[in-house]
Chemist: 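I have a structure I would like to understand better, so I am pasting it below and will then ask my questions one at a time.
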Amino acid sequence: MKKITVLVLGFTFFSHSLLFSQEERDRVITTAVPFLIIAADARAAGLGDQGIATSPDAFSQQWNPAKYAFINTKQGVGVSYTPYLSNIVNDIFLGNLTYFNRLDERSAVAASLRYFSLGSIETQGGFEELPLLLSPNEMTLDVSYALRLSENFSMAVAGRYLRSDLKLAVNNEDATAASTFGVDVAAYYQSESMVFENFDGRFRAGANISNIGPKLKYDEVGQENFIPTNLKVGSGFDFIFDMDNRLGTYVEFNKLLVPTPQDFNGDGVINREDEDRYNNIGSIQGIFKSFGDAPGGFGEEMREITWALGAEYVFREAFSLRTGYFNESDTKGSRKFLALGAGFRYAPVLIDISYLFSTSQVVSPLEGTLRFGLTFNFGEGTYGEGTY
């Protein structure tokens, strides 16, 4: 029973806050497969969950695959591990495996596997039946292609298969996993080095619309659930003080492109009739509606946007220190946290770690969690400019 309670708490964290009225709480946006909005790699986590306009790395697949067209390394493999709800249980985690290959000066391909394990849950259909040990999980498998369209600009497209196996098989019920697919369209800009009086500089910018695709449905009679289609935009500026010292500063904004739940019939509550009308909204229609359907008008639409700030100091491309802050409105989930991180290079291997401090009264499931990442690069320095 404890494990089932933990499971529910973990999944509702991203969509519920205890700090606002029932009416506002009813308008918090929820989606299927919410693990997709968890930062899977330690570097991005240490920057406050952002990676749209940071320098390219092996884990760009989750954030902005267009960055691969500018990565310095010929090939690389990235592995990351994130414990989840680690203060309560020890077998819930998010793992990520990514491979990229820069084909030539203009193009690159990448593939990644993301796996979210919800641990083991013991169920029993009746007193005389033996307990059944279940392991609910979710996963994605995606591939991307990035193309450099000019000296400073690239775009990418990614395809993603999503599988959610959360339905518990009790009393011989049909417990087949649900699946769907999503598509990403991303862009990235990286300027030439600019000379200032006391330092050189480089500007970066990026955008990505991710998880464009059909809803997820667990059975024929159940409702269809939106997947977390996101619009992310961000920018950054590198202060290059000399050959050994660089400071990157970044800002990122995110808008969930999913309709806002609302009281369609005007009876003062969001009931089953309203939910049925909401569920009849198509996935593509929902993307366009999400820009102007909040009952509270422009102010509420703005509260549905999260933002993050981050900075990364890099010394000799071998050591880095990071920090970041993530903010979400109290009425839309109340995710607020400060992150710290570090990175170390030993020959072709990069080691990244990060740690999160919750600054909200709604404590993050990742509070007190140390995240790890390993990157193995091959063919370092093949394409000019170095990136951490």
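Only heavy atoms go into these numbers, but all of them, side chains included; no hydrogens, no water, no symmetry mates. For reference, positions follow the sequence shown, starting with 1.
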Chemist: Aromatic ring centroids of Phe100 and Phe59 under 6.0 Å?
Modeler: no

Chemist: Can you tell me how far apart CD (Gln62) and NZ (Lys232) are? Round to the nearest 0.5 Å.
Modeler: 8.0 Å

Chemist: In terms of side-chain geometry, is the basic nitrogen of Glu105 or Arg148 positioned less than 4.0 Å from the acidic oxygen of its partner?
Modeler: no

Chemist: Any side-chain donor paired with an acceptor under 3.5 Å for Ser55 and Asp57?
Modeler: no

Chemist: Do Asp184 and Ile209 make a side-chain contact, defined as non-hydrogen atoms from C-beta onward lying under 4.5 Å apart?
Modeler: no

Chemist: Does Ser320 reach the side chain of Tyr313, with side-chain heavy atoms less than 4.5 Å apart?
Modeler: no

Chemist: Might you point out which heavy atoms bring Tyr145 and Ser107 nearest each other, and give the distance in Å?
Modeler: OH-CB, 3.5 Å

Chemist: Check whether any side-chain N or O of Asp274 sits under 3.5 Å from a backbone N or O of Asn271 as a donor-acceptor pair, and report yes or no.
Modeler: yes

Chemist: Distance only, no hydrogens: is a donor on one side chain within 3.5 Å (strictly under) of an acceptor on the other, for Ser358 and Ser360?
Modeler: no

Chemist: Can you see whether Thr260 engages Glu304 through a side-chain donor-acceptor pair at a distance of less than 3.5 angstrom?
Modeler: yes

Chemist: If I compare all heavy atoms of Ala339 with all of Thr323, which pair ends up nearest, and what's the gap?
Modeler: O-OG1, 3.1 Å

Chemist: Taking all non-hydrogen atoms of both residues into account, name the closest pair between Ile270 and Asp263 and its distance.
Modeler: CG1-N, 3.8 Å

Chemist: How many angstroms lie between OG in Ser283 and CG in Leu216, if you round to the nearest 0.5 Å?
Modeler: 11.5 Å

Chemist: So, do Asp91 and Ser117 sit near enough that their side-chain heavy atoms are less than 4.5 Å apart?
Modeler: no

Chemist: For the residue pair Asp142 and Gln61, confirm or rule out a side-chain donor-acceptor distance under 3.5 Å.
Modeler: yes

Chemist: Taking the six-membered ring for Trp, are the ring centroids of Phe93 and Tyr81 within less than 6.0 Å of each other?
Modeler: yes

Chemist: Looking only at side chains, do Ser112 and Arg114 share a donor and an acceptor under 3.5 Å apart?
Modeler: no

Chemist: Any link between Leu149 and Val185 through a network of hydrophobic side chains (Ile, Leu, Val, Met, Phe, Trp, Tyr) touching at under 4.5 Å?
Modeler: yes

Chemist: One pair to check against side-chain contact (heavy atoms from CB on, under 4.5 Å): Arg204 and Asp238. What are the steps and the verdict?
Modeler: CA-CA 8 Å; Arg204 306 178 192 271; Asp238 290 349; 2.5 Å; yes

Chemist: With a 4.5 Å limit on heavy-atom distance, are the side chains of Lys332 and Glu300 in contact?
Modeler: yes

Chemist: Would you please indicate if the ring centroids of Phe357 and Tyr355 are separated by under 6.0 Å?
Modeler: yes

Chemist: Please determine whether residues Tyr250 and Phe326 belong to a single hydrophobic cluster, defined as Ile, Leu, Val, Met, Phe, Trp and Tyr linked transitively by side-chain heavy-atom distances below 4.5 Å.
Modeler: no

Chemist: For the backbone of Ile281 and the side chain of Lys215, can you confirm whether one donor and one acceptor N or O come within less than 3.5 Å of each other?
Modeler: yes

Chemist: So if you build clusters from Ile, Leu, Val, Met, Phe, Trp, Tyr with side-chain heavy-atom gaps below 4.5 Å, do Phe253 and Ile287 land together?
Modeler: yes

Chemist: Got a second to check how far Arg163's CZ is from Leu141's CG, nearest 0.5 Å?
Modeler: 12.0 Å

Chemist: Test your reading of the model: is there a side-chain donor-acceptor pair from Asn137 to the backbone of Ser135, 3.5 Å cut-off?
Modeler: yes

Chemist: Which class fits the ring pair Tyr84 and Phe116: parallel under 30°, tilted 30 to 60°, perpendicular over 60°?
Modeler: perpendicular

Chemist: Can you find a pair of side-chain heavy atoms, one from Leu374 and one from Leu350, that are under 4.5 Å apart?
Modeler: no

Chemist: Side chains of Gln190 and Tyr188: is there a donor and an acceptor less than 3.5 Å apart?
Modeler: yes

Chemist: Mind running side-chain contact (heavy atoms from CB on, under 4.5 Å) on Leu257 and Phe291 for me, showing each step along the way?
Modeler: CA-CA 7 Å; Leu257 302 185; Phe291 288 100; 3.5 Å; yes

Chemist: Report the relative orientation of the aromatic rings in Phe239 and Phe237; use parallel for angles under 30°, tilted for 30 to 60°, perpendicular for over 60°.
Modeler: perpendicular

Chemist: Under a single-linkage definition using a 4.5 Å side-chain heavy-atom cutoff for Ile, Leu, Val, Met, Phe, Trp and Tyr, are Leu47 and Leu340 assigned to the same hydrophobic cluster?
Modeler: no

Chemist: Under 4.5 Å between any side-chain heavy atoms of Phe199 and Phe241, yes or no?
Modeler: yes

Chemist: Please report the closest heavy-atom contact between Ala146 and Pro65, naming both atoms and the distance.
Modeler: CB-O, 3.4 Å

Chemist: With a 6.0 Å cut-off (strictly less than), is the heavy-atom count around OH of Tyr346, excluding the residue itself, greater than 12?
Modeler: no

Chemist: Check the pair Val183, Arg160 against side-chain contact (heavy atoms from CB on, under 4.5 Å), reporting the backbone distance first and the verdict last.
Modeler: CA-CA 6 Å; Val183 174; Arg160 177 171 298 108; over 6 Å; no

Chemist: Quick one: are Phe203 and Ser235 in side-chain contact, heavy atoms under 4.5 Å?
Modeler: yes

Chemist: Is there a path from Leu94 to Tyr161 through hydrophobic residues (I, L, V, M, F, W, Y) whose side chains come within less than 4.5 Å of each other?
Modeler: no

Chemist: Please determine whether side-chain contact (heavy atoms from CB on, under 4.5 Å) holds for the pair Ile52 and Val233, giving the CA-CA distance in whole Å, both sets of side-chain angles, and the decisive distance to 0.1 Å.
Modeler: CA-CA 7 Å; Ile52 286 293; Val233 296; 5.7 Å; no

Chemist: Any donor and acceptor pair, going by atom type alone, linking the side chain of Asn208 with main-chain N or O of Trp63 inside 3.5 Å?
Modeler: yes

Chemist: Under 6.0 Å between the ring centres of Phe153 and Tyr189?
Modeler: no

Chemist: Any side-chain donor paired with an acceptor under 3.5 Å for Thr54 and Lys67?
Modeler: yes

Chemist: Hey, what do you get for OH (Tyr115) to CE (Met139), rounding to the nearest 0.5 Å?
Modeler: 9.0 Å

Chemist: Under 3.5 Å, side chain of Lys217 to main-chain N/O of Ser179, donor-acceptor pair present?
Modeler: no

Chemist: So which atom in Asp293 and which in Pro259 form the shortest heavy-atom distance, rounded to 0.1 Å?
Modeler: OD2-CA, 3.2 Å

Chemist: Report yes or no: does Ser154 contribute a side-chain atom to a donor-acceptor pair with the main-chain N or O of Ala66 at less than 3.5 Å?
Modeler: yes

Chemist: Indicate whether the side chain of Glu224 and that of Asn279 have a donor and an acceptor atom separated by less than 3.5 Å.
Modeler: no

Chemist: Is atom CZ of Phe315 surrounded by more than 12 heavy atoms (other residues, nucleotides or ligands) closer than 6.0 Å?
Modeler: yes

Chemist: Nearest 0.5 angstrom please: Phe337 CZ to Arg335 CZ, how far?
Modeler: 7.0 Å

Chemist: Determine the minimum heavy-atom distance between Ala39 and Thr82, stating which atoms define it.
Modeler: O-OG1, 4.1 Å

Chemist: Kindly indicate whether the side chain of Leu36, heavy atoms from C-beta on, has any atom under 4.5 Å from the side chain of Asn211.
Modeler: yes

Chemist: Please check if the side chain of Lys336 supplies one atom and the backbone of Glu328 the other of a donor-acceptor pair under 3.5 Å.
Modeler: yes

Chemist: Regarding Asn254 and Trp307, is there a side-chain donor-to-acceptor distance under 3.5 Å anywhere?
Modeler: no

Chemist: Tell me whether Asp352 is salt-bridged to Arg43, with the criterion being a basic N under 4.0 Å from an acidic carboxylate O.
Modeler: no

Chemist: Just checking, is any N or O donor in the side chain of Asn101 or Tyr99 under 3.5 Å from an acceptor N or O on the other one?
Modeler: yes

Chemist: Any sub-3.5 Å donor-acceptor pair from Glu301's side-chain atoms to Ala294's backbone N or O?
Modeler: yes

Chemist: Spell out, as yes or no, whether a donor-acceptor pair under 3.5 Å connects the side chain of Ser80 to the backbone of Ala40.
Modeler: yes

Chemist: When you check the gap from the basic side-chain N to the acidic O, do Arg202 and Glu192 get nearer than 4.0 Å?
Modeler: no

Chemist: Indicate whether the side chain of Asn245 and that of Asp242 have a donor and an acceptor atom separated by less than 3.5 Å.
Modeler: yes

Chemist: Between Ser60 and Asn64, is any side-chain donor less than 3.5 angstrom from a side-chain acceptor?
Modeler: no

Chemist: Side chain of Arg106, backbone of Ala69: donor and acceptor closer than 3.5 Å?
Modeler: no

